[in-house]
Amino acid sequence: MSRLAAAAEHFVAAYHAHAALVAQQAGWRCVIGLRTSDGHAVTVRVDDGRIVAMAAEAGPADLLVTADADTLDDVLRLRRSPNEPYLFGELTVQGAERDFVRLDYIATRLCPR
Amino acid sequence: MKTGDLVATSCGTAVAAVCVLGLFHLQRTLGGAWAAAAVVLAGLVCATLARAFGRLATIVPSGAGHLAYVSRAFGRRAGIATAVPYLLLTLALVGAEAVVVGLVVARLTPLPVPAGALLFLVGTWAVCRAGLRVSYRAQALATWTLLLGLGALALGPIAGAAWRGELGARLLPPAPEASAFVAGVGQALFLFMGFELIACQVEIASPRAVRCALGVSVAILTAFYGLLSLAFACLASGPDPHAAGFVPQLALAEEAGGPAALVLVALLSVLASFTSFNGALLSLSRFAYALAAQGALPRRLARVDAITLVPRAALDVLLGLAAGATVLVIAGDGLAASILAAAVAAALMYAAAMLARERAPFAEPARGWAARLGGAALALALAGLGIGVLMGAGAARGSVAALLVMAYGAAALAAHRAARPARTAAPRLTAAVGAHGD
């Protein structure tokens, strides 16, 4: 398993462990692509607010998150808020604003201070 | 998002009601075609900037825009030092915009100017707080109608001056001093301020569409402001700008189209201000939220409402700041100061963007020395224009300097607090989550 896929699994487990947060996202459907600048990719499918599939490969995505491997690893392992690398251009997101805002909300809720 | 919507958003952001006031004062300072020439020169500068922003947005497609570009090129402190003053002075401009809306409303209703301004601020804030964003289509419709309506009305005074045989005298007054003209070009940059913010839309649009829209919107803005400037030079009645309640766009509408045009332009002006402020409030509140999450602003601002996904605490603070700016503009006669300070910050921010474009990761490996030198020269010229605006501010120079010291002081503080990477220990899966949200 790649480092990116392992980090993504960590994030998904943390998210699913937070029942109230998952419940808040009821009805949300989205395919999220994670890409590192060194070429690794993970695709995550969200259905009704829950992650229902994850594949360690690039695929069509509604929301594409790109960063260098260390930054994405830190964010997915909840060591770092996504806001900081986003603000300074080290992490970029492309896709519908509603999906972006929701993902940002989830990541920020899960990330400790 | 399509190119047409992007162009409308870009023009809608740049064309605020307060811009027409700035343009009118530029016309009174330089006179006739000289003001239009200053607009065209500023437009040419912005056309080069549009290409640079297109490149920046392609390499770093980030909604954080300028902060992200300069941070990637020069580091976080430089990013904050140039982006935060621009955003703060944009907020100060909201105060000026609210006052102009108040003046427009006061022209049509018995509502006093402060009440109209406050109603505008609170109404737009309430819409944002409910999580409602004006659709891009509605924003585009309001923008196109205003541009086409005012553009068509502008032809009236020009044709009238030609009919009276005054066109040459109106358009070719004695040349202004060189320093006044340079300051005028710097002030004209203010008119375009915000056109580049569509580079932040690269998250929901293709980089190609963004690049195309940047260039097209600069061309449209140059033509629109140039035409309007000539129309102001040709107004027959010679309106008194010092008269209470004077609003240039209403004077133009009244002379060219009578009472019906006056009402139409007033409504469009308020609508354009509303759509512009709605977008600005939502963007600025998310920026404040992100800075708060990073620790640069109080943590309580980093709370997002779970239902609307809007950072309401940040919105509340922004309303307070906008209301404060409005009071300063009304009580402290700060209309000119807020416009000129924003022009200086825009010039410096644009200079930083030009320099960033010539650095990694934005500069192409094969980029020639002539292009790099040209970029650096334009950056230097932009910084010079900013200084020219400050020096040419006349009686408002002290207020402009005070606003700039406040904005750059706050930026230095934010840079000090936020420039360190925040990294925390990984939580256990069952650990309590952070205090964000509901």
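- At most 12 non-hydrogen atoms from other residues, nucleotides or ligands lie less than 6.0 angstrom from CZ of B:R51.
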(message) Let's go through A:F88 and B:I80 carefully: what are the C-alpha distance in whole Å and the side-chain angles of both, what is the deciding distance for side chain to side chain contact (heavy atoms under 4.5 Å, CB included) to 0.1 Å, and is it a yes or a no?
(response) CA-CA 9 Å; A:F88 296 109; B:I80 291 174; 3.9 Å; yes
(request) Evaluate the criterion side chain to side chain contact (heavy atoms under 4.5 Å, CB included) for residue pair B:E203 and A:F100; output intermediate values, then yes/no. (result) CA-CA 9 Å; B:E203 290 172 341; A:F100 168 35; 3.6 Å; yes
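- Within 6.0 Å of atom CZ in B:R300, 12 or fewer heavy atoms from other residues, nucleotides or ligands are found, so the atom counts as exposed in its surroundings.
- Counting heavy atoms of neighbouring residues, nucleotides and ligands inside a 6.0 Å radius, atom CZ of A:R45 does not exceed 12 of them.
- Rounded to the nearest 0.5 angstrom, A:R109 CZ and B:R303 CZ are separated by 11.0 Å.
- With a 4.5 angstrom heavy-atom cutoff, A:Q25 does not touch chain B via any of its atoms.
- The nearest pair of heavy atoms linking A:L87 to B:A64 is O-CB, 3.4 Å.
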